[in-house]
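Here is the structure we will look at.
Because the structure is predicted, anything quoted here is derived from the model rather than measured.
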Amino acid sequence: MTYTAGIDIGSGAVKTVLFKDDQWLAKRVERIRRRDPMELARQGFDQVLQEKGLTEKDIVYIATTGEGENVKFATGHFYSMTTHARGGVFLNPQARAVVDIGALNGRAIYVDERGKVLAYKMTSQCASGSGQFLENIARYLGVAVEEIGSLSRTSKTPEKVSSICAVLAETDVINMVSRGIATADILKGIHISMASRLVKLLKVTGIMKGTVLLTGGLALDEGLLAALQEELVTEKIAGLEALSHPDSIYAGAIGAALWGDFRHNRLKELQERAAA
């Protein structure tokens with residue numbers, strides 16, 4: 001029986017999970033909002049330990065991912081692509097692709113049943129396919145982030161966003177508002193634009209059938225999920241089914257904890273062999 005922790009520091013939030021072997025025990029998310037991510041990592045870690053009555057000495061491996069390389073109390077760090085892949089398959093064992101949509105970029109990851117990365121493709125440096133871009137647009141439109149998905153789904157005549165550049169796309173939105181385009185139609189148009197780019201990423205990885213799980217900060221945006229499902233039909237990739245999970249935002253932290261458990265056990269085996 002081993003306890004491991006996973007800490008995923010993203011651009012918008014710090015996610016922390018606690019595991020006993022492959023059993024998920026506790027979770028914590030803290031929005032950064034100009035606060036120090038390193039302090040939030042410490043707080044989240046201490047809180048999940050307190051919830052289960054454990055101390056830091058009980059944890060055999062503290063694994064970080066995302067922007068967590070500088071967490072001083074961590075045991076080791078894992079690349080976020082591998083942690084999202086592993087965490088995605090943990091959340092949905094049928095997943096054969098993970099689409100991670102964070103605050104700054106998006107990526108499609110083709111995985112096997114173990115969560116091993118087979119291929120991947122990432123968005124360019126332009127931020128128009130990111131959570132931060134969508135949040136900026138919502139702020140301009142006077143819409144709460146939590147309302148974006150449900151509003152988008154009410155659209156009947158989505159307005160196409162022509163540009164893939166975040167700056168030019170924002171200009172498109174300003175023009176739409178001046179023309180009296182409904183907020184729901186603007187948001188749905190943005191979702192379709194983002195979904196189109198994500199489907200292109202999926203196609204590049206080579207996956208043509210199976211479950212696609214959304215992870216990251218936008219995974220619970222029901223409007224984006226609906227647009228992605230529609231784009232898969234439009235692009236005639238009927239073999240792919242896009243889904244989300246209530247705990248999708250924790251995928252990176254979950255994967256980190258599980259990889260930490262694997263690394264700990266592997267090192268222990270090697271030490272026992274050397275001592276034999």
Side-chain angles (χ1 to χ4, degrees), residues 8-15 29-37 40 66-68 80 84 99-108 121-202 214-231 242 244 248-252:
D8 178 12
I9 298 182
S11 301
V14 177
K15 288 79 65 177
V29 60
E30 287 286 350
R31 302 296 173 185
I32 293 175
R33 297 192 179 98
R34 299 183 182 179
R35 293 182 289 177
D36 183 353
L40 294 178
E67 303 300 320
S80 60
H84 274 265
V99 173
D100 170 28
I101 317 166
L104 298 181
N105 52 48
R107 57 189 163 189
K121 183 65 177 177
M122 204 165 180
T123 54
S124 64
Q125 292 181 344
C126 179
S128 64
S130 70
Q132 186 60 60
F133 164 71
L134 192 56
E135 191 172 318
N136 291 344
I137 295 299
R139 189 180 300 113
Y140 176 76
L141 294 173
V143 175
V145 173
E146 297 78 14
E147 298 175 317
I148 293 174
S150 56
L151 261 177
S152 172
R153 297 201 68 180
T154 66
S155 169
K156 301 300 182 184
T157 54
E159 187 74 7
K160 185 177 180 181
V161 178
S162 59
S163 179
I164 63 171
C165 169
V167 175
L168 295 179
E170 290 184 20
T171 301
D172 280 352
V173 171
I174 293 171
N175 291 333
M176 291 177 198
V177 172
S178 67
R179 286 159 42 212
I181 304 298
T183 296
D185 292 335
I186 295 174
L187 291 173
K188 181 61 180 288
I190 292 170
H191 275 148
I192 291 174
S193 176
M194 295 174 71
S196 176
R197 298 181 71 186
L198 293 171
V199 168
K200 287 181 173 63
L201 297 183
L202 281 167
L214 270 63
T215 67
L218 289 184
L220 299 184
D221 183 331
E222 61 180 285
L224 179 58
L225 176 60
L228 183 57
Q229 292 167 337
E230 292 170 14
E231 282 298 303
S244 186
S248 279
I249 61 170
Y250 294 100

Report yes if the side chains of Asp8 and Ser80 come closer than 4.5 Å at any heavy-atom pair, otherwise no. no

Evaluate whether atom CZ of Arg179 has more than 12 neighbouring non-hydrogen atoms of other residues, nucleotides or ligands under 6.0 angstrom away. yes

Which distance, rounded to the nearest 0.5 Å, do you find between the CG of Leu218 and the CG of Asp100? 9.5 Å

Closest non-hydrogen atom pair between Ala219 and Ser244, with its separation: O-OG, 2.6 Å

Could you check whether any side-chain heavy atom of Ile190 comes within less than 4.5 Å of a side-chain heavy atom of Val173, counting everything from C-beta outward? yes

With a 4.5 Å cut-off on side-chain heavy atoms, are Ile101 and Asp221 touching? no

So with a 6.0 Å cut-off around CZ of Arg35, is the heavy-atom count from everything else above 12? yes

Quick check: closest heavy atoms across His84 and Ala251, and the distance to 0.1 Å? ND1-CB, 4.0 Å

How about His191 and Ile148: do any of their side-chain heavy atoms sit closer than 4.5 Å? yes

Determine yes or no for a side-chain-to-main-chain donor-acceptor pair under 3.5 angstrom, with Gln229 supplying the side chain and Ala242 the backbone. yes

Whether Ser155 side chain and Ser152 backbone form a donor-acceptor pair below 3.5 Å: no

Return the CD to CG distance between Glu222 and Leu151, rounded to the nearest 0.5 Å. 9.5 Å

Contact between Glu230 and Pro158 at the side-chain level, heavy atoms closer than 4.5 Å - yes or no? no

Check: Ser193 main-chain N/O paired with Ser196 side-chain donor or acceptor under 3.5 Å: no

Can you tell me how far the CG atom of Leu224 sits from the NZ atom of Lys188, to the nearest 0.5 Å? 11.0 Å

Looking at every non-hydrogen atom in both residues, tell me the closest pair between Asp185 and Ile181 and how far apart they are. CB-CG2, 4.0 Å

Given Glu231 and Ile192, is the side chain to side chain contact (heavy atoms under 4.5 Å, CB included) satisfied, shown in steps? CA-CA 7 Å; Glu231 282 298 303; Ile192 291 174; 3.6 Å; yes

Side-chain contact, heavy-atom cut-off 4.5 Å: Asp172 with Glu159? no

Rounded to the nearest 0.5 Å, the CD1 atom of Ile137 sits from the OG1 atom of Thr183 at a distance of 11.5 Å

